[in-house]
2 protein chains.
Amino acid sequence: MAEKLLQHIQKFIVLPEDTKPLIASSFIEMEAKKKHNLLENGQVCKYNYFVESGCLRLFFINDKGVEQTTQFAIENWWLSDYTSFAAQQPSSFYIQAVERSTVWALSWQAQEQLFFQFPPLERYFRLMYQRAYAAAQWQIKYIYDFSKEEIYQHFSAHFPGFVQRIPQYLLASFLGFTPEYLSEIRKKSIS
Amino acid sequence: MAEKLLQHIQKFIVLPEDTKPLIASSFIEMEAKKKHNLLENGQVCKYNYFVESGCLRLFFINDKGVEQTTQFAIENWWLSDYTSFAAQQPSSFYIQAVERSTVWALSWQAQEQLFFQFPPLERYFRLMYQRAYAAAQWQIKYIYDFSKEEIYQHFSAHFPGFVQRIPQYLLASFLGFTPEYLSEIRKKSIS
DNA sequence: CGCGACGTTGATTTGCCTCAACGATTGTGG
DNA sequence: CCACAATCGTTGAGGCAAATCAACGTCGCG
């Protein structure tokens, strides 16, 4: 149980055998069908999610009623609305399964207790946040640096498999433009 | 010495008296004049900077030669290019003092050694990264959610003091548009 | 089979940029 | 302490990337 999660943690810190049951039992295993919402706007984001398989996305709905995806998480990535999670306040985001997904959910209380029982996990999570923050710094750089067309070219060059895997309207939403414009860009790059 | 830094750490974790000299001595105090670069494109980002007073910015230069500011850090905030810092690879950013600033610099090696000597600091840094990452999630949401004009209105409503404090061309660069357009927006909101 | 979700195409509009020129303010050396 | 230059902010004309709107083809699913 929780093999993938434990293996992932062990890439970053040493895990004594006897801590594994403690850790595994702190998480809740969840199965989410495609399009199922793990978090809805207005709710407190109770969990930090580790994706074992499948894909989640973080999005919000703007004042025109359009869904804006700001992040995806695939296997071995964590996802949460950390503003809501850390302060246990209502979120303005949704978290939704893009595909059928298996995730391990860690509540804020369980996380705090785990840190108390096994402090080296602080290091693991420090590294995870550091990695996530570095990725966010890059995402922001991309947005400022490139035109929409360049953003698409870079992204599809770096993550060809992922581009194939998700519907185009979600990709457009994530990259910050309309499905129509994505269509136009793709037509150009084929010919 | 390093009073502000130690006080800041104590807001998040308990610091025994005898650890304070150890911590303080792991940092290098630096004074930076206005426009002085603490990091330049192509160098490894050797330090994680804590701002005691003044203001730093993180920026890069795009292919048209224009400086794009992606973050500011004022008193009690940390700043670094974490992609470069964590992997000790060359950075594609600059870090520059916006005003005369006093900062405490922590090298990657010193940071690792500190974690070894006093593990509770992992928790402090986990919380700092969590906070920084949450702020980045919000920044990304803002970029997707609002028009340039709305971004300016929100920002100047939330941080009126900061808007006064820095030159307009840096604010424009940070908010993602040209100084000319900022001028236009400001004219509109006055009348 | 029929409906709804998804992708495409083209016409039109617009938010914002580019470029160029000109005041205002700052600072710096003589 | 003034003169001159550099930096910074403003204004306006023109242009383009990307959005909006609307219509239509296609696929998968109940």
Side-chain angles (χ1 to χ4, degrees), chain A residues 33-37 55 57 59-69 72 94 96-100 142-156 162-191, chain B residues 33-37 55 57 59-69 72 94 96-100 142-156 162-191:
Chain A
K33 285 193 228 181
K34 186 173 174 171
K35 302 227 171 183
H36 179 252
N37 286 339
C55 178
R57 70 181 177 118
F59 71 97
F60 66 93
I61 297 182
N62 69 18
D63 44 5
K64 290 171 194 146
V66 177
E67 293 183 2
Q68 283 290 353
T69 302
F72 290 105
Y94 296 76
Q96 189 179 76
V98 174
E99 317 164 345
R100 173 166 198 81
Y142 264 65
I143 295 172
Y144 282 120
D145 207 0
F146 299 127
S147 72
K148 309 271 169 171
E149 181 166 353
E150 287 171 324
I151 287 176
Y152 170 74
Q153 302 295 359
H154 276 256
F155 192 82
S156 66
F162 188 70
V163 170
Q164 311 263 1
R165 182 169 165 182
I166 59 166
Q168 284 194 31
Y169 70 97
L170 286 186
L171 180 62
S173 165
F174 173 66
L175 297 180
F177 44 83
T178 59
E180 292 95 325
Y181 193 60
L182 177 54
S183 229
E184 203 177 319
I185 292 171
R186 294 186 70 236
K187 191 171 52 165
K188 257 197 280 182
S189 33
I190 293 164
S191 56
Chain B
K33 286 193 228 180
K34 185 172 174 173
K35 303 228 172 179
H36 179 252
N37 286 340
C55 179
R57 69 181 179 119
F59 71 97
F60 64 94
I61 297 181
N62 69 19
D63 43 5
K64 289 171 196 148
V66 177
E67 294 183 1
Q68 282 290 352
T69 303
F72 289 106
Y94 295 76
Q96 188 179 79
V98 174
E99 316 163 347
R100 172 165 196 81
Y142 264 65
I143 294 171
Y144 281 120
D145 206 1
F146 297 127
S147 71
K148 308 271 171 172
E149 180 167 353
E150 288 170 324
I151 287 176
Y152 170 73
Q153 303 295 358
H154 277 256
F155 192 82
S156 65
F162 188 70
V163 169
Q164 310 264 1
R165 182 169 164 182
I166 59 167
Q168 283 195 30
Y169 72 97
L170 286 185
L171 180 63
S173 166
F174 174 65
L175 296 180
F177 43 84
T178 58
E180 292 95 326
Y181 194 60
L182 177 53
S183 230
E184 202 178 320
I185 292 172
R186 295 186 71 235
K187 191 171 52 162
K188 258 198 278 182
S189 33
I190 293 164
S191 54

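- Within residues 162-170 of chain B, the residues approached by DNA chain D to less than 4.0 Å at the level of any non-hydrogen atom are B/Pro167, B/Gln168, B/Tyr169, in residue-number order.
- At D/dG9, none of the side-chain N or O atoms of B/Arg186 fall inside 4.0 Å of OP1 or OP2 (strictly under the cut-off).
- Within the structure, every side-chain polar atom (N or O) of B/Lys188 is placed at least 4.0 Å from both OP1 and OP2 of C/dG15.
- The nearest whole Å value for the distance from the CD atom in B/Glu180 to the P atom in C/dT18 is 8 Å.
- Using modelled atom types, no side-chain atom of B/Tyr152 and backbone atom of B/Ser147 make a donor-acceptor pair closer than 3.5 Å.
- Residue B/Ile185 contributes atom CD1, which lies 7 Å from atom P of C/dC16 at whole-angstrom precision.
- You'll find the side chain of A/Ile166 stays beyond 4.5 Å of the side chain of A/Phe174, heavy atoms only.
- Summarising the geometry, the separation between OH on B/Tyr181 and C1' on D/dG9 is reported as 17 Å, rounded to the nearest angstrom.
- The nearest heavy atom of DNA chain C to B/Phe146 and to B/Lys34 marks one nucleotide each, and the one closer to the 5' end goes with B/Phe146.
- Side-chain contact between B/Phe155 and B/Tyr142: absent, with no pair of heavy atoms (C-beta onward) separated by less than 4.5 Å.
- With DNA chain D read from its 5' end, the first of the two nearest nucleotides for B/Pro179 and A/Lys64 is the one closest to B/Pro179.
- For D/dC16, the OP1/OP2 oxygens have no side-chain nitrogen or oxygen of A/Lys148 closer than 4.0 Å.
- At a threshold of 4.5 Å between non-hydrogen side-chain atoms, the residues B/Arg100 and B/Lys33 count as touching.
- Counting to the nearest Å, the P atom of C/dC16 and the OH atom of A/Tyr144 are 13 Å from each other.
- Judged by distance alone, the side chain of A/Thr69 and the main-chain N or O of A/Ser173 form no donor-acceptor pair under 3.5 Å.
- Axis angle across the helix from C/dC1-D/dG30 to C/dC22-D/dG9, with five pairs used at each end and values rounded to 10°: 40°.
- Of the side-chain N and O atoms in B/Thr178, one or more sit less than 4.0 angstrom from OP1 or OP2 of C/dC17.
- Atom CG in A/Leu182 sits roughly 17 Å away from atom P in D/dA17 (whole-Å rounding).
- Side chains of B/Leu170 and B/Val98 form a contact here, defined as non-hydrogen atoms less than 4.5 Å apart.
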